[in-house]
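Some notes on the structure that comes next.
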Amino acid sequence: SGEFRRLVESGNQDKIIEHYNRFDDEFEGMFDDMDELDFLDEQKTITGGILGDRFDSAKTSYGTAIEGAQKNVGKSLFEISQGTSKQESTAGFAGSGFIASAKKRSTQGVFEDYKMQQKELDQGLADAQTAFTWGTRQQDLDHRRGVDNFWDNLEDQFYDRLDWLETQS
């Protein structure tokens, strides 16, 4: 129960023992080993660090990929502009409508590709955020479950020993 845990956590397990007219030495060592709680806390810290590092890595990769995509757009637009400028200078007025139309289609294609890349990258980042959120929730749930199980087991051991002591009296 919560009362059992509260008393043991505060170092007042003797109150529980005295309540049943028993002696501390009959429960010697039972409340000394709290290493499992330390392990659970350490496990939560490590898992949280891993989750955080992976999410940070995903955000960094996203930023790098967006930057690369933007540079590619600029490079592609420059190449389109350079190519159509050369064509316009050699074709004269007669071919300028065709060249302008081709430039427009090429430019639209570049921007459509960029938008698609951005959507894919956004989805990847959203997936990383979701994994981080759910992983963190699961980590918290596992930690709480482990801590609750620890206290339930300790309380069960206490009452099992108390029952055994009663049969010995």
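Because the structure is predicted, anything quoted here is derived from the model rather than measured.
- Inter-residue side-chain proximity for Leu162 and Asp160 is flagged as unmet; no heavy-atom pair is nearer than 4.5 Å.
- Other residues, nucleotides and ligands place no more than 12 heavy atoms under 6.0 Å from the CD atom of Glu42.
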- Query: Are Asp56 and Lys59 close enough, and set up right, to give a salt bridge (charged side-chain N to carboxylate O under 4.0 Å, His left out), and what steps lead you there?
  - Reply: CA-CA 5 Å; Asp56 288 345; Lys59 290 188 291 188; 3.5 Å; yes
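- Thr136 places a side-chain heavy atom less than 4.5 Å from the side chain of Gln139.
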- Message: Run the salt bridge (charged side-chain N to carboxylate O under 4.0 Å, His left out) test on Arg6 and Glu3 for me, step by step, so that the C-alpha distance in whole Å, both residues' side-chain angles and the decisive distance to 0.1 Å come before the verdict.
- Response: CA-CA 5 Å; Arg6 187 184 63 74; Glu3 183 67 14; 2.6 Å; yes
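- Ion pairing between Glu18 and Lys15 fails under the 4.0 Å rule for side-chain N and carboxylate O.
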- Leu154 and Arg5: side chain to side chain contact (heavy atoms under 4.5 Å, CB included), yes or no, with the steps? CA-CA 9 Å; Leu154 185 61; Arg5 178 178 174 176; over 6 Å; no
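- Side-chain contact of Thr47 with Gln43: a donor-acceptor pair under 3.5 Å is absent, judged by distance alone.
- Residue Thr107 holds its OG1 atom at 4.5 Å from CD1 of Ile80, rounded to the nearest 0.5 Å.
- A donor-acceptor contact shorter than 3.5 Å is absent between the side chain of Ser81 and the backbone of Leu77.
- Enclosure of atom CE in Met116 is not indicated, since only 12 or fewer non-hydrogen atoms of other residues, nucleotides or ligands lie within 6.0 angstrom.
- A pairwise comparison of heavy atoms in Ser76 and Val110 identifies CB-CG2, 3.7 Å as the closest pair.
- Atoms NZ and NZ, on Lys115 and Lys119 in that order, are 8.0 Å from each other to the nearest 0.5 Å.
- Taken from CG in Asp14 to CZ in Phe27, the straight-line distance is 12.0 Å, to the nearest 0.5 Å.
- Side chain of Ser10 to main chain of Leu7: a donor-acceptor pair is present (N/O by atom type, distance under 3.5 Å, no hydrogens or angles).
- Phe4 has its side chain out of reach of Gln13: every pair of non-hydrogen atoms, C-beta onward, lies at least 4.5 Å apart.
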- Which is it for Phe132 and Asp127 under the side chain to side chain contact (heavy atoms under 4.5 Å, CB included) test, yes or no, and what are the steps along the way? CA-CA 9 Å; Phe132 175 77; Asp127 291 347; over 6 Å; no
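- Side-chain contact annotation: Ser101 with Arg105, donor-acceptor N/O pair under 3.5 Å present.
- For the pair Asp142 and Arg145, the salt-bridge criterion is met [side-chain N within less than 4.0 Å of a carboxylate O].
- A 4.5 Å side-chain heavy-atom check between Thr133 and Phe55 finds every atom pair outside the cut-off.
- Between the side chains of Gln118 and Asp122, no donor N or O sits under 3.5 Å from an acceptor N or O.
- Residue Leu40 is not grouped with residue Leu51 when hydrophobic side chains (ILVMFWY) are merged at heavy-atom distances under 4.5 angstrom, including chains of intermediate members.
- Residues Ile17 and Phe23 fail the side-chain proximity criterion, which asks for heavy atoms closer than 4.5 Å.
- In the hydrophobic clustering of ILVMFWY residues, with side-chain heavy atoms under 4.5 Å counting as a link, Ile16 and Met34 come out together.
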- Query: So Tyr20 and Leu165, side chain to side chain contact (heavy atoms under 4.5 Å, CB included) or not? Walk me through it.
  - Reply: CA-CA 11 Å; Tyr20 292 101; Leu165 289 169; over 6 Å; no
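- Residues Glu26 and Arg161 fail the side-chain proximity criterion, which asks for heavy atoms closer than 4.5 Å.
- We find the CZ-CG distance between Arg144 and Asn149 to be 12.5 Å, quoted to the nearest 0.5 Å.
- Between the CD atom in Gln129 and the CH2 atom in Trp134 there is a gap of 12.5 Å [rounded to 0.5 Å].
- Looking at heavy atoms from C-beta onward, Met30 lies in side-chain contact with Gln157 at the 4.5 angstrom threshold.
- Between Leu121 and Ala65, the shortest heavy-atom contact is CD2-CB, 3.5 Å.
- When side chains are defined from C-beta on, Trp164 does not count as touching Tyr159, because their heavy atoms never get closer than 4.5 Å.
- A donor and an acceptor atom, one from each side chain of Asp113 and Gln117, are nowhere located under 3.5 Å apart.
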